[in-house]
Amino acid sequence: MDNDPSNLLVLEGISKGYNTIQTRIEILKQVDFTIRKGDSIAVVGASGIGKSTLLQIIGTLDRPDEGRLLFEGRDLFALDQERLARFRNRSVGFVFQFHHLLQGFTAMENVMIPCLISKMSKQDAEKRAKEILARVGLQERFFHRAEDMSGGEQQRVALARALVLEPLLLLADEPTGNLDIRNSEEIHQLLMELNKELGMTVIVVTHNNDLANLMNQRVTLKYSGIVPLQ
Ligand SMILES: Nc1ncnc2c1ncn2[C@@H]1O[C@H](COP(=O)(O)OP(=O)(O)OP(=O)(O)O)[C@@H](O)[C@H]1O
Ligand SMILES: [Mg+2]
């Protein structure tokens with residue numbers, strides 16, 4: 001058991017493969033990695049190497065075939081489905097390349113969803129959603145529907161939704177992969193500011209060097225495991 005209180009997450013011998021029609025492919029092989037509280041980590045690596053797979057496992061959206069994931073010393077995959085879902089809701093924020101906002105719903109409604117899932121009152125959820133939307137610069141867009149906003153605005157709503165419950169861990173998979181340079185830079189800046197303000201731990205998968213360089217640690221995922229960049 002990992003007992004170092006400065007560790008947020010410890011990956012121990014994580015392996016994952018997929019069965020396809022013809023054969024079985026092994027993607028992650030015995031990956032060991034320790035993430036300390038407050039770290040900001042960029043994960044880079046070749047396309048198809050398993051970066052998204054790794055992030056999905058860290059966020060408990062997918063299960064490894066072997067290995068353990070310890071969050072503050074707790075073995076996450078030993079939790080039952082209900083506890084695991086609660087953990088995900090409270091402790092992990094996700095941002096993806098595609099914003100995955102609910103179409104037809106306003107920025108406010110999209111951001112309030114994690115709060116309502118956590119059984120917060122509607123009033124508190126509204127207050128929190130307004131605060132975080134204002135923090136990402138969308139005070140003029142509270143009642144815009146998702147599809148009526150620009151790509152950069154939609155991704156800022158997605159960031160607000162990921163952060164509204166102030167998770168300990170933010171996972172981002174190519175968060176600016178679909179944005180132009182100006183919007184990407186804005187999101188990069190926000191990510192770093194919020195990482196400092198909220199003291200959360202950030203793991204970002206990216207092909208964008210500017211974003212990777214803002215993180216205090218850069219690692220490469222290879223067939224042999226996770227190695228420091230350079
Ligand atoms: N459900 C699945 N069934 C079969 N194979 C899968 C499945 N999900 C992913 N894979 C395969 O696993 C490998 C790793 O995929 P993953 O999406 O993690 O790569 P990645 O490093 O994120 O790549 P990219 O940089 O292109 O996003 C790929 O070869 C992919 O085809
Ligand atoms: Mg990917």
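Start at 1 and go down the list; that is how both ligands and their atoms are numbered. Positions are given from 1, in the same order as the sequence printed here.
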Q: Looking only at distances, please establish whether an N/O atom of ligand 1 is found under 3.5 Å from an N/O atom of Thr20.
A: no
Q: Answer yes or no: does an N/O atom from Asn19 fall short of 3.5 Å to an N/O atom of ligand 1?
A: no
Q: Starting from atom 17 (O) of ligand 1, locate the nearest protein heavy atom and write down its residue, its atom name and how far away it is, to 0.1 Å.
A: Ser52 CB, 3.6 Å
Q: Who passes side chain to side chain contact (heavy atoms under 4.5 Å, CB included) against Thr23, sequence neighbours left out?
A: Thr20
Q: Between Arg63 and Phe77, what is the shortest heavy-atom contact and its length?
A: NH1-O, 3.3 Å
Q: Considering only heavy atoms, which of Gly17, Ser47, Gly45, Gly48 lies nearest to atom 28 (C) of ligand 1?
A: Gly48
Q: How does Glu174 reach ligand 1, if at all, at less than 4.0 Å between non-hydrogen atoms: by side chain, backbone, both, or neither?
A: neither
Q: Does a donor on one side chain and an acceptor on the other come within less than 3.5 Å for Asn213 and Asp210?
A: no
Q: Counting from 1, what ligand 1 atoms have a heavy atom of His207 closer than 4.0 Å?
A: 25 (O)
Q: Look at atom 25 (O) of ligand 1 and say which protein heavy atom is nearest, naming residue and atom and giving the distance to 0.1 Å.
A: Lys51 NZ, 2.7 Å
Q: Pick out which of Asp75, Val31, Leu69, Leu70 makes a side chain to side chain contact (heavy atoms under 4.5 Å, CB included) with Glu12.
A: Leu70
Q: Judging by distance only, is a nitrogen or oxygen of Gly50 under 3.5 angstrom from one on ligand 1?
A: yes
Q: Check the pair Asp65, Arg24 against salt bridge (Lys or Arg N to Asp or Glu O under 4.0 Å), reporting the backbone distance first and the verdict last.
A: CA-CA 13 Å; Asp65 300 324; Arg24 181 175 169 76; 2.9 Å; yes
Q: For Pro114, what residues pass the side chain to side chain contact (heavy atoms under 4.5 Å, CB included) criterion, not counting sequence neighbours?
A: Asn89, Arg161, Val164, Leu165
Q: When you check the side-chain N and O atoms of Thr106 and Arg145, is any donor under 3.5 Å from an acceptor?
A: no
Q: Inside 2.8 Å of the Mg ion (ligand 2) but strictly below it, how many protein N/O/S atoms are present?
A: 1
Q: Assess, by modelled atom type and distance only, whether the side chains of Gln154 and Glu147 contain a donor and an acceptor separated by less than 3.5 Å.
A: no
Q: Report the nearest protein non-hydrogen atom to atom 6 (C) of ligand 1: residue, atom name, distance rounded to 0.1 Å.
A: Tyr18 CD1, 3.3 Å
Q: Would atom 14 (C) of ligand 1 count as contacted, meaning some protein heavy atom under 4.0 Å?
A: yes
Q: Passes salt bridge (Lys or Arg N to Asp or Glu O under 4.0 Å), Arg182 versus Glu186? Steps please.
A: CA-CA 6 Å; Arg182 192 178 63 80; Glu186 267 180 39; 3.1 Å; yes
Q: Relative to each other, are the rings of Phe98 and His100 parallel, tilted or perpendicular (30° and 60° limits)?
A: perpendicular
Q: Relative to ligand 1, is Ile27 under 4.0 angstrom through side chain, backbone, both or neither, heavy atoms considered?
A: side chain
Q: Please report which non-hydrogen protein atom sits nearest to atom 16 (P) of ligand 1, along with the residue it belongs to and the distance in Å to one decimal place.
A: Thr53 OG1, 3.6 Å
Q: What atoms of ligand 1 come within less than 4.0 Å of a heavy atom belonging to Ala46?
A: 21 (O)
Q: Would you please name every residue forming a side chain to side chain contact (heavy atoms under 4.5 Å, CB included) with Ser52, sequence neighbours left out?
A: Asp173
Q: Kindly indicate whether the side chain of Glu153, heavy atoms from C-beta on, has any atom under 4.5 Å from the side chain of His144.
A: no
